[in-house]
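I have placed the structure first, in the form of structure tokens, so that the comments after it can refer back to it.
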Number of protein chains: 2
Amino acid sequence: MSSKKRTTIYDIAEKLNIAPSSVSRALSNSPLVKEATKKLILKTAEELNYKINTIASNLRKGQSNTIGVIVPRINQNFFADVIAGIEEASYRQGYNLIICQSNESYEREVQCVNTLINQQVDCIVVSLSVETTDYKHLESVLDRNIELIQFDRVAENIETLKVLNDNHQASMEAVSHLIEQGYKRIALLEGPQNLNIFRKRKEGYLDALKNHGLPVIEELMLANAWTTELGAEATRKLLSLPQPPDAIFASTSDFAALGVLQVATEMNFKVPQQLGICGYSNENFTEITNPSVTTIDQHSVYMGKTIANLFLDELKNTDTSVAPKTVSIKPKLIIRNSTLKNGK
Amino acid sequence: MSSKKRTTIYDIAEKLNIAPSSVSRALSNSPLVKEATKKLILKTAEELNYKINTIASNLRKGQSNTIGVIVPRINQNFFADVIAGIEEASYRQGYNLIICQSNESYEREVQCVNTLINQQVDCIVVSLSVETTDYKHLESVLDRNIELIQFDRVAENIETLKVLNDNHQASMEAVSHLIEQGYKRIALLEGPQNLNIFRKRKEGYLDALKNHGLPVIEELMLANAWTTELGAEATRKLLSLPQPPDAIFASTSDFAALGVLQVATEMNFKVPQQLGICGYSNENFTEITNPSVTTIDQHSVYMGKTIANLFLDELKNTDTSVAPKTVSIKPKLIIRNSTLKNGK
DNA sequence: ATGAAAGCGCTAACAC
DNA sequence: GTGTTAGCGCTTTCAT
């Protein structure tokens with residue numbers, strides 16, 4: 001390959017015997033340039049196959065038109081959906097996305113933040129890794145006046161824009177639904193309690209029991225059951241109890257619920273008659289398992305769009321005092337066969 | 001928020017009364033700087049909370065350490081996995097990813113390419129939209145000496161690095177497996193034939209029939225059945241034929257296979273006894289449908305890593321004549337209950 | 001309406 | 001080892 005130099009505004013200026021500044025103005029469609037000149041410049045740019053050097057432009061302008069996104073894993077449906085939503089909404093406004101995955105590692109999350117700061121991104125969107133309990137890296141973002149938006153897994157005490165699902169409410173609804181279907185010994189599969197989402201879901205579970213006058217049974221609450229395997233393992237334990245539960249709320253994820261379903265089938269528990277199952281996230285497979293699994297939809301693509309719009313609105317806002325507002329999106333309980341003991 | 005200026009190497013230089021170039025050298029750990037000076041500079045940088053401005057650095061160096069990725073949709077398992085793989089492998093080498101989605105639109109794909117060129121990315125990784133039949137935008141990438149890697153959905157005539165699955169081979173294996181299980185009237189759900197992947201899969205189907213001396217039956221080959229809905233619709237047509245097929249190969253995707261399974265269940269065809277079903281992609285749900293669905297695993301995360309490594313290797317390659325090599329990854333047939341008429 | 005010139009923050013010759 | 005200087009490609013005053 002030849003390494004011919006790329007065309008710059010100077011090449012165009014030289015060719016037309018005008019000043020680079022005029023070329024720059026014409027290319028950004030400034031009204032200060034005569035129509036005829038503008039036409040000529042645009043035509044020449046086309047001919048010389050000119051493309052703007054966004055890096056140079058950004059350096060000069062002191063902003064990057066870039067949003068950085070940090071998620072635990074790109075290839076989890078929920079996060080992929082949110083990213084798709086962010087991309088969709090920000091794309092139109094000329095923003096690009098730089099994507100990083102923390103792989104659920106705190107150390108790597110910190111590195112991602114640094115990379116994005118170095119890249120001069122205008123905004124950082126983050127959902128925390130499971131390991132993250134220290135938030136200095138988030139504060140350093142704020143110190144630099146970079147817009148910070150936390151979503152889903154957030155540090156509640158760090159004052160930033162936040163986009164959340166109402167996990168407490170969703171969880172309460174799910175458990176109430178189970179109770180209304182006649183389930184009485186409802187087990188809970190919990191996730192790591194340092195993450196707000198799992199804490200809220202547990203609280204919702206407890207509140208639902210309380211509201212319906214049901215006792216809290218310690219042996220029915222199992223920590224750290226947030227993968228298919230861990231869900232299966234927990235279920236094996238639960239179903240071997242002298243008094244096994246008659247329903248399991250896999251508050252961590254549908255993957256955990258899947259583990260529950262597998263073990264239930266394996267141990268010949270009839271779902272939903274002997275065992276009700278409810279998951280979380282509305283992964284696509286929940287619709288097609290046998291029986292289909294009741295779960296909670298998080299409106300994930302919409303969540304992504306909300307995040308992007310929040311940032312874009314903030315930009316328009318000339319007011320310097322940014323109120324660190326929280327947008328709460330109400331998840332939707334999707335009732336399917338795995339909890340329909342009574343029919344409906 | 002105050003709009004305090006960010007620290008630059010000049011701030012550090014001034015504070016220590018040394019030249020900015022020395023600061024720059026120290027920060028990039030150049031051996032040309034005395035250890036003592038280096039220590040001092042690093043310490044001061046830390047104190048002043050200095051972060052490099054990657055944009056300025058990139059502009060100066062004439063490269064961006066960025067890889068641009070264009071996929072039809074971020075939130076499809078296959079693409080999300082590939083991206084995760086690319087990210088994982090390139091991250092270590094200090095590369096960032098800019099992600100764009102074409103949304104299966106040609107026009108938008110062209111825009112994505114332009115954005116990435118403007119961003120001075122070092123490499124563009126692309127999987128084509130279903131609408132793309134003109135490749136000028138790809139050629140313009142090559143003209144600029146930007147590394148171009150096509151994967152999965154590629155323009156075969158454009159000479160670039162390519163990473164592909166062997167769709168022909170995989171398809172042949174799948175259909176041969178069906179034949180060996182005793183299925184005789186095997187239907188094909190096809191995808192748009194302008195995409196290489198769907199052409200190859202159809203060829204594989206035809207070759208497998210030929211190799212086993214089975215006739216090609218036109219009414220059993222249905223075009224454009226590449227979503228759950230279209231797959232379902234096609235299946236309804238097929239199963240209503242005077243002589244319905246005894247197996248359906250949803251060569252387009254597991255989503256199409258899902259549509260097949262739903263309609264089969266609905267119309268009381270016993271799977272796999274009366275109807276064999278084979279999908280494509282090994283989506284996570286294929287394992288847990290009832291019955292589980294035979295499919296083809298594309299090693300998607302590995303594919304992403306391969307793409308990244310291909311680019312990184314090319315960098316080391318001082319040889320200017322880049323051979324436009326093609327890496328073919330052999331997909332794996334995953335045999336499950338939906339095709340096990342005979343048992344196994 | 002156009003041009004001249006400065007400078008965004010960094011790196012890399014080139015000097016000493 | 002360290003300093004001086006120029007310049008990556010662009011935008012934006014400030015003149016005219």
Side-chain angles (χ1 to χ4, degrees), chain A residues 3-42 44-45 48-66 94 117-122 144-145, chain B residues 3-42 44-45 48-66 94 117-122 144-145:
Chain A
S3 75
K4 45 186 176 211
K5 253 180 88 296
R6 299 180 190 172
T7 306
T8 72
I9 53 171
Y10 285 91
D11 300 323
I12 299 174
E14 194 174 6
K15 175 144 187 198
L16 295 179
N17 241 311
I18 55 179
S21 47
S22 290
V23 178
S24 173
R25 281 191 276 256
L27 291 171
S28 58
N29 201 21
S30 154
L32 293 174
V33 185
K34 206 171 29 167
E35 268 310 316
T37 329
K38 198 182 282 185
K39 282 256 161 55
L40 190 59
I41 291 172
L42 258 34
T44 312
L48 296 182
N49 203 6
Y50 170 81
K51 298 260 201 269
I52 191 176
N53 183 331
T54 310
I55 293 192
S57 170
N58 287 343
L59 174 61
R60 176 60 231 246
K61 291 195 289 194
Q63 55 145 119
S64 66
N65 271 267
T66 300
I117 291 177
N118 296 350
Q119 288 281 351
Q120 315 292 116
V121 296
D122 301 329
R144 282 161 194 282
N145 292 326
Chain B
S3 74
K4 46 185 173 210
K5 251 180 92 292
R6 300 182 190 171
T7 308
T8 71
I9 52 171
Y10 285 92
D11 300 324
I12 299 175
E14 195 175 4
K15 175 145 187 199
L16 296 178
N17 243 310
I18 56 179
S21 49
S22 289
V23 177
S24 172
R25 280 191 277 257
L27 291 170
S28 58
N29 201 21
S30 154
L32 293 174
V33 185
K34 205 173 27 169
E35 271 307 318
T37 330
K38 200 183 280 184
K39 282 256 163 57
L40 190 60
I41 292 172
L42 258 33
T44 313
L48 297 181
N49 203 4
Y50 170 81
K51 296 264 202 265
I52 191 175
N53 183 330
T54 309
I55 292 192
S57 170
N58 288 342
L59 175 61
R60 175 60 229 246
K61 291 196 287 194
Q63 54 144 130
S64 66
N65 271 269
T66 300
I117 290 177
N118 296 349
Q119 288 280 351
Q120 316 292 112
V121 296
D122 301 329
R144 282 162 194 281
N145 293 325

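The chains referred to below are lettered A, B, ... by the order of the sequence lines, with proteins before strands, and numbering in each begins at 1.
D:dG9 atom P lies 8 Å from atom CD of B:Gln120, rounded to whole Å. Remark: C1' of D:dT4 and CD1 of B:Ile9 are 13 Å apart, rounded to the nearest angstrom. Distance, B:Leu16 CG to D:dT2 P: 12 Å, rounded to whole Å. The CG-P distance, from B:Leu40 to D:dT2, rounds to 10 Å in whole Å. When the P atom of D:dC10 is taken as reference, atom CG of B:Asn58 falls 15 Å away, rounded to whole Å. One interatomic measurement links the two molecules: CG of B:Asn65 to P of C:dC10, which rounds to 16 Å at whole-angstrom precision. Atom-to-atom, CD of B:Gln119 to P of D:dC10 comes out at 13 Å; the value is rounded to the nearest Å. Atom pair A:Leu27:CG and D:dG9:P shows a separation of 15 Å (rounding to whole Å applied).
Under the 3.5 Å distance criterion, the side-chain polar atoms of A:Arg6 are left unmatched by any main-chain donor or acceptor of A:Lys51. Using a distance-only test at 3.5 Å, with no hydrogens or angles considered, a donor-acceptor pair links the side chain of B:Ser64 to the main chain of B:Gln120.
For the pair B:Thr8/B:Asn53, no side-chain contact is recorded, criterion being any heavy-atom separation below 4.5 Å from C-beta on.
By the side chain to side chain donor-acceptor pair (under 3.5 Å) test, A:Asn118 pairs with no residue at all, sequence neighbours left out.
Among pairs with a residue in residues 10-32 of chain B, those fulfilling salt bridge (Lys or Arg N to Asp or Glu O under 4.0 Å) read B:Lys15-B:Glu47, at least two apart in sequence or across chains.
In terms of heavy atoms, B:Ser24 sits closest to B:Ile9 at CB-CD1, 4.4 Å.
Within 4.0 Å (heavy atoms only), A:Ser24 reaches at least one base atom of the nucleic acid. At a threshold of 4.0 angstrom between heavy atoms, the contacts of A:Ile52 are confined to the sugar-phosphate backbone, with no base atom among them.
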Q. Along nucleotides 1-8 of chain C, 5' to 3', which nucleotides get a B, which get an S, and which get a -, given that the test is a protein heavy-atom distance under 4.0 Å?
A. BBBB-BBB

